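A short write-up of the structure that comes next.
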Amino acid sequence: MNYSDPNEPIVVLDFETSGMSPLQGDRAIEIGAVLIRDQQIADRFQSLINPGFLITREIEMVTGINNSMLSDAPDAATVMTDLSRFIGSYPLVAHNASFDQKFLESEFSFIGKTRPYNFGCTLLLSRRIYPDMPNHKLETLIRMKALPVNGKFHRALADAEMTAALWLKIIADIATEYNFDGVPFEVLKKLCKVPHEKVGEFLKETAEELRSAPPDTTGSLF
DNA sequence: TGCCAGGCCCTCTTTAGGGCCTT
């Protein structure tokens with residue numbers, strides 16, 4: 001197959017929310033996102049979001065975000081419109097992406113935006129690349145890989161920045177171990193679904209394929 | 001009163017159950 005440029009920009013994002021499920025009425029209360037270009041953070045987006053109701057004490061304790069902070073925040077329609085511009089058509093990445101994807105799609109649906117989103121997941125990747133970790137929580141992975149702790153865990157921009165660092169670390173480790181000259185996003189997305197016992201085989205074969213047919217870097221496939 | 005997430009992934013599995021992850 002044809003692969004895209006491994007240096008294609010991506011957006012890493014993280015939502016803080018009022019609970020676990022938009023289908024149960026939960027809403028986003030904070031979004032953080034970073035644009036990665038040339039293996040570094042090139043731009044940042046962050047905003048609290050007023051969900052239109054009071055969040056629980058439990059969520060205040062988890063996130064450090066309280067109702068007083070949210071009372072002055074812009075509403076979801078305003079923030080999501082700005083976020084849509086920031087995201088553009090770039091591929092997206094999150095830690096446990098299924099969670100952020102369902103809130104992204106839910107919040108966009110409220111402003112009439114529905115389209116497929118192309119997500120990669122650092123949780124699924126880390127389970128395959130770092131199977132011996134004590135667990136695969138974002139905080140554990142950041143500390144075990146000695147990556148910088150940029151602020152408080154469970155705040156959206158800090159989590160997005162640290163997820164971005166983890167994403168780049170995973171790419172660097174794959175490139176080193178399997179002799180990739182850059183790892184295209186589609187390869188990482190495929191890797192998220194490769195059975196654990198076949199990860200090595202998949203990466204060896206893909207690296208060989210890329211060496212015989214390098215990615216097209218003249219234009220985006222997205 | 002009792003209900004209250006969902007996808008991934010392992011195993012004592014596949015006619016299922018439970019821990020891990022996200023807030």
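Naming: A, B, ... by sequence-line order, numbering from 1 per chain. Below, each value reflects all heavy atoms present in this structure, side chains not excepted, and no hydrogens, waters or symmetry copies. As the structure is a prediction and not an experimental result, all values here were calculated from the model.
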d(CG, D159(A); C1', dC21(B)) in whole Å: 13 Å
Aromatic ring pairing Y117(A)/F119(A), orientation class (parallel under 30°, perpendicular over 60°, tilted between): perpendicular
Sugar-phosphate, base or nothing in reach of F15(A), heavy atoms under 4.0 Å: sugar-phosphate
Separation of the P atoms in dG19(B) and dT13(B), to the nearest angstrom: 16 Å
Separation between the P atoms of dG17(B) and dC4(B), rounded to whole Å: 15 Å
Check: N135(A)/T140(A) side-chain N/O donor and acceptor closer than 3.5 Å: yes
Nearest-angstrom distance from the residue atom CD of Q101(A) to P of dG7(B): 11 Å
Six-ring centre of F202(A), K190(A) cation under 6.0 angstrom, axis tolerance 45°: no
Check nucleotides 4-6 of chain B for protein N or O atoms closer than 3.5 Å to its own N or O atoms and list the pairs.
none

M80(A) and its side-chain contact (heavy atoms from CB on, under 4.5 Å) partner, picked from L104(A), D75(A), I87(A): L104(A)
Donor-acceptor pair between D26(A) and S21(A) side chains, under 3.5 angstrom: no
Whole angstrom value for the distance that separates C1' of dT22(B) from CD1 of I29(A): 13 Å
Rounded interatomic separation in angstrom, taking CE from M133(A) and P from dC21(B): 12 Å
Euclidean distance for P, dC3(B) against dC21(B) (whole angstrom): 27 Å
Whichever of C192(A) and K137(A) has its nearest DNA chain B nucleotide further upstream toward 5': C192(A)
Integer-rounded Å distance: dC9(B) C1' and K193(A) NZ: 13 Å
d(CG, L123(A); P, dT23(B)) in whole Å: 11 Å
Sugar-phosphate, base or nothing in reach of D26(A), heavy atoms under 4.0 Å: nothing
Minimum-distance nucleotide (side-chain atoms of L124(A) versus dC9(B), dT22(B), dT23(B)): dC9(B)
Same-atom distance (P) from dC20(B) to dT15(B), integer angstrom: 26 Å
Gap separating the CD atom of E107(A) from the CG atom of L83(A), nearest 0.5 angstrom: 10.0 Å
Residue met sooner reading DNA chain B from 5', once H95(A) and V194(A) are mapped to nucleotides: V194(A)
Sugar-phosphate only, base, or nothing, as touched by D100(A) at under 4.0 Å among non-hydrogen atoms: nothing
Sugar-phosphate only, base, or nothing, as touched by R128(A) at under 4.0 Å among non-hydrogen atoms: sugar-phosphate
Length of the CG-P vector between N135(A) and dG18(B), whole Å: 22 Å
Whole-Å P distance, dG6(B) and dC12(B): 28 Å
Closest nucleotide among dT23(B), dC10(B), dC21(B) to the H196(A) side chain: dC10(B)
Note: K204(A)-E201(A) ion pair, threshold 4.0 Å (strictly below): no
Distance in angstrom units between I129(A) CD1 and dC9(B) P, rounded: 13 Å
Nucleotide of dT22(B), dT23(B), dG7(B) approaching V62(A) most closely (side-chain heavy atoms): dT23(B)
Polar side chain donor-acceptor pair, D173(A) to T176(A), under 3.5 angstrom: no
Sugar-phosphate only, base, or nothing, as touched by L138(A) at under 4.0 Å among non-hydrogen atoms: sugar-phosphate
